[in-house]
Amino acid sequence: MEKHSFSSVDSVGDLILLASRILAASESARLDSELLLAYVLRTDRTGLIVRFRETLADEHVNQFTKLVERRQSGEPIAYIVGEKEFYGRSFEVNPSVLIPRPESELLVDEALASFASKKTASILDLGTGSGCLAVSLTSELLSKGVDVRSVAVDQSAEVLAVARKNAQRYGTAESIEFVESDWYSGLDGEAGRFDVIVANPPYVVCDEPLARELSFEPPSALFSTEGGLCDARQIIEGATQFLQPEGVLLCEVGAYKMAHVERLLAEYRDVYRISYLGDQDDLDRFLVLRLERM
């Protein structure tokens with residue numbers, strides 16, 4: 001995109017229209033344009049409507065132009081504006097963490113269902129990233145008067161710093177312990193057992209072609225060997241040591257992997273009660289494994 005593309009355009013409405021044409025390759029070109037301009041103007045999309053015919057200062061036009069260039073290169077909106085909404089909350093993100101996905105909200109719903117009518121809850125979030133799962137679950141349960149103990153694990157100190165910020169933002173930092181660990185390896189005996197383990201591990205097959213936007217996200221949060229299920233296998237194997245009897249492991253494995261997942265789970269059918277969550281058939285992307293009472 002040439003930098004002078006916006007040189008003759010300065011109103012809010014015209015900027016959005018031109019940016020939408022420039023970003024036409026995106027399925028959400030109009031939304032992208034509005035989010036970027038709202039970010040520049042420190043307002044929301046409703047605020048853009050109010051200011052639709054307003055003429056903007058050159059500095060705002062220039063800033064918007066640079067952001068549109070970044071978006072045109074494929075950089076995700078969430079990294080450009082530094083946040084992503086998840087379960088009704090905005091989470092700080094940067095290129096060190098995976099961008100929260102709307103479909104992962106199913107994990108929160110399913111986990112919350114496990115605590116219906118309970119007064120206490122213990123949660124282990126493996127590969128916490130932005131902390132969206134741990135913070136959302138902890139916040140929702142605290143709002144219901146539940147006594148919550150949460151542990152959020154990630155192998156990167158840089159990533160944990162982002163998760164801590166998000167926990168502080170929503171008043172859950174005192175209820176979440178953050179542990180630098182490769183899955184369970186950094187958890188000691190004091191960690192105890194948990195009612196629910198949630199995990200969104202890497203599950204993309206290493207040689208799988210990716211959309212351009214995904215090239216901006218951390219490879220360590222995307223790719224896994226063994227047909228994309230190496231990390232899921234490690235999580236399933238270790239969960240028996242960290243789940244309470246009747247405790248639940250909720251693990252995302254991605255779509256179109258059911259045949260591979262069934263083979264992986266064959267040796268665990270006497271250990272877990274197994275079900276799936278998601279769309280249906282090959283699109284089921286979450287495992288729901290309830291530990292049998294030993």
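Quick note: numbers below take in every heavy atom, side chains included, and nothing from hydrogens, waters or symmetry partners.
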Task: No-hydrogen, no-angle side-chain donor-acceptor test under 3.5 Å, E92 and S130 - done: no
TODO: Would you tell me whether S150 and S175 have side-chain atoms, one donor and one acceptor, within less than 3.5 Å of each other?
DONE: no
Task: Main-chain N/O of L133 paired with D125 side-chain donor or acceptor, under 3.5 Å - done: no
- [ ] Kindly indicate, with the supporting measurements, whether the criterion side-chain contact (heavy atoms from CB on, under 4.5 Å) is fulfilled by V151 and F178.
- [x] CA-CA 6 Å; V151 177; F178 294 92; over 6 Å; no
TODO: Measure from NZ or CZ of R42 to the centre of the six-membered ring of Y39 and say whether it is under 6.0 Å with the direction within 45° of the ring axis.
DONE: yes
Task: S20 side, atom OG; I22 side, atom CD1 - distance, nearest 0.5 Å - done: 9.0 Å
Task: Validation row: L250, I197 side chains within 4.5 angstrom (heavy atoms) - done: no
- [ ] Examine distances only and state if a side-chain atom of S26 and a backbone atom of L23 form a donor-acceptor pair shorter than 3.5 Å.
- [x] no
Open item on the list: Do R70 and Y79 form a cation-pi contact, if we require the NZ or CZ to be under 6.0 Å from the six-membered ring centre and within 45 degrees of the ring's axis?
Closed with: no
- [ ] Check the pair R53, V12 against side-chain contact (heavy atoms from CB on, under 4.5 Å), reporting the backbone distance first and the verdict last.
- [x] CA-CA 6 Å; R53 298 187 183 280; V12 167; over 6 Å; no
Task: Backbone of S90 reached by a side-chain donor or acceptor of Y170 within 3.5 Å - done: yes
Open item on the list: Using modelled atom types and a 3.5 Å cut-off, is there a donor and acceptor pairing between side-chain atoms of S185 and backbone atoms of S181?
Closed with: no
Open item on the list: With no hydrogens and no angle check, just 3.5 Å: does a side-chain donor-acceptor pair link N62 and T65?
Closed with: no
Task: Donor on one side chain, acceptor on other, S224 and D231, under 3.5 Å - done: yes
Open item on the list: Between S11 (side chain only) and D14 (backbone N and O only), is there a donor and an acceptor less than 3.5 Å apart?
Closed with: yes
Open item on the list: Pairing donors with acceptors under 3.5 angstrom, does anything connect the side chains of S156 and D154?
Closed with: no
TODO: Output yes when R71 and E213 qualify as a salt bridge under the 4.0 Å nitrogen-oxygen rule, no when they do not.
DONE: yes
Task: Residues S139, R89; criterion side chain to side chain donor-acceptor pair (under 3.5 Å); working and verdict - done: CA-CA 10 Å; S139 183; R89 300 172 180 83; 3.1 Å; yes
Open item on the list: Quick check on E174: does its CD atom have over 12 non-hydrogen neighbours (other residues, nucleotides or ligands) under 6.0 Å away?
Closed with: no
Task: Under 3.5 Å side-chain donor-acceptor pair for T120 and D147 - done: no
Open item on the list: Tell me if a side-chain donor or acceptor on R290 pairs with a main-chain N or O of R273 at a distance below 3.5 Å.
Closed with: no
TODO: Show your reasoning for whether side chain to side chain donor-acceptor pair (under 3.5 Å) applies to Q241 and Y184.
DONE: CA-CA 9 Å; Q241 301 176 48; Y184 305 101; over 6 Å; no
- [ ] Mark yes when over 12 heavy atoms from residues, nucleotides or ligands other than K144 sit less than 6.0 Å from its NZ; otherwise mark no.
- [x] yes
